[in-house]
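Note that ligands are numbered from 1 as they come in the structure, with each ligand's atoms numbered from 1 the same way. What's counted below: heavy atoms across the whole structure, side chains too, no hydrogens, waters or symmetry copies.
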Amino acid sequence: MPELPEVETIRRSLMPCIGATISAVDVWQRHLRRPLDPNALRSLAGQRIDCLSRQGKYLIFALSNEQVLLVHFGMSGTLRIAAAEAVKKDHDHLQIVLADGRRLVLNDPRRFGLVWAGRLHDAKEIDRLGPDALSDDFTPEHLHHALRRSGRAIRNVLLDQRVVAGVGNIYANEALFLAGLRPGRRAQRLKRSDATRLYEALRTTLNEAIAAGGSSIADFHDGNGQLGYFQLRFRVYDREGQPCVACGQLIQRVLLTGRSSFFCPRCQR
Ligand SMILES: [Zn+2]
């Protein structure tokens with residue numbers, strides 16, 4: 001599932017489209033998390049792409065008419081730059097045709113993605129987000145404060161996009177391993193020093209994954225790539241029953257609100 005690093009990798013791969021003008025939008029398959037609105041999308045024709053930013057797991061294209069195009073990749077989405085002559089693939093939902101013939105193509109086999117055009121302040125999804133996990137607004141104090149107020153398991157607080165935007169189950173588990181904290185511990189019991197360690201572990205984990213993803217951009221543009229998805233060898237995620245990379249103890253799995261968490265019983269307390 002695309003989390004912050006994968007979305008950031010996609011964002012970087014799309015930077016060559018900044019400054020280009022949209023000449024048309026073709027919707028092939030409307031069915032996503034919310035049905036695509038072909039009229040709203042077609043109205044983007046004639047607009048220039050001025051800027052491409054990211055907030056959590058959302059990509060935000062800022063357009064010359066002061067509207068935005070918001071894209072969320074759900075469980076399995078990607079957006080790629082395709083040459084004019086490239087053929088359509090299975091699960092391609094829409095294409096944004098640029099004036100120079102290149103196309104931005106959204107592919108989403110599991111169809112949980114979201115594509116929406118409008119004014120940024122009308123985008124409820126963005127309004128509800130907490131600070132981006134790699135932004136200056138996300139600080140150790142912010143994390144500690146959020147943890148202190150919550151009776152939930154730490155892992156679940158990290159997944160709450162209103163607390164911090166961009167972290168999903170994979171990188172939450174990886175960061176908790178680096179910080180030496182068990183995913184199921186009650187958040188409000190964490191000390192300030194624990195929260196600071198967790199904050200640093202999150203930043204490290206996300207930045208490592210972005211660095212790994214960056215190396216896959218060239219492959220992706222050649223049409224071979226998965227764009228950084230699962231490029232990393234995870235330290236703990238999905239490694240139940242395998243030896244801990246630090247101490248050799250077997251990694252355990254626990255279900256927290258229905259989703260798996262993985263931890264080393266010796267390294268994580
Ligand atoms: Zn261990």
Side-chain angles (χ1 to χ4, degrees), residues 1-9 56-57 75 130-135 138-161 163-216 226-269:
M1 178 188 298
E3 299 186 23
L4 186 155
E6 288 79 19
V7 179
E8 177 60 19
T9 300
K57 302 179 203 172
M75 307 284 285
D132 184 86
L134 289 180
S135 71
F138 181 56
T139 61
E141 292 73 31
H142 173 90
L143 180 61
H144 187 221
H145 189 67
L147 293 167
R148 282 279 302 270
R149 283 181 312 174
S150 177
R152 292 180 289 170
I154 320 173
R155 200 283 316 257
N156 292 347
V157 177
L158 293 181
L159 295 191
D160 185 342
Q161 302 296 301
V163 170
V164 54
V167 181
N169 200 27
I170 293 174
Y171 297 107
N173 276 275
E174 293 293 296
L176 286 163
F177 175 80
L178 271 191
L181 296 166
R182 288 206 188 191
R185 259 179 74 179
R186 294 299 108 191
Q188 63 206 162
R189 302 220 178 117
L190 258 69
K191 294 194 214 103
R192 172 63 192 262
S193 57
D194 293 327
T196 302
R197 221 167 52 247
L198 180 55
Y199 170 86
E200 282 162 5
L202 264 177
R203 295 270 200 161
T204 300
T205 306
L206 294 171
N207 281 319
E208 274 181 4
I210 289 171
S215 61
S216 67
Q226 283 295 307
L227 202 51
Y229 287 15
F230 313 115
Q231 293 280 308
L232 283 189
R233 188 161 303 180
F234 298 124
R235 293 179 174 97
V236 69
Y237 182 79
D238 207 18
R239 297 194 63 241
E240 183 184 16
Q242 296 176 47
C244 169
V245 293
C247 77
Q249 277 277 323
L250 300 186
I251 298 298
Q252 294 182 7
R253 182 171 73 94
V254 62
L255 275 179
L256 297 172
T257 56
R259 296 183 70 188
S260 292
S261 249
F262 302 87
F263 66 96
C264 170
R266 188 181 286 165
C267 296
Q268 292 172 260
R269 302 276 165 187

### Task
Report the distance from atom CZ of R259 to atom CZ of R155, rounding to the nearest 0.5 Å.
6.0 Å
### Query
So, are D238 and R253 salt-bridged, with charged N and O less than 4.0 Å apart?
no
### Query
Taking only protein atoms, how many N, O or S atoms are found under 2.8 Å from the Zn ion (ligand 1)?
4
### Query
If you measure only the distance, is there a donor-acceptor pair under 3.5 Å linking the side chains of Y171 and E6?
yes
### Query
So, the side chain of N173 versus the backbone of N169: is there a donor-acceptor pair under 3.5 Å, distance only?
yes
### Task
For F177, check ring pair (Phe, Tyr, Trp, His ring centres under 6.0 Å) against everything at least two apart and list the hits.
none
### Task
Measure the acute angle between the ring planes of F262 and Y237, then classify it against the limits of 30° and 60° as parallel, tilted or perpendicular.
perpendicular
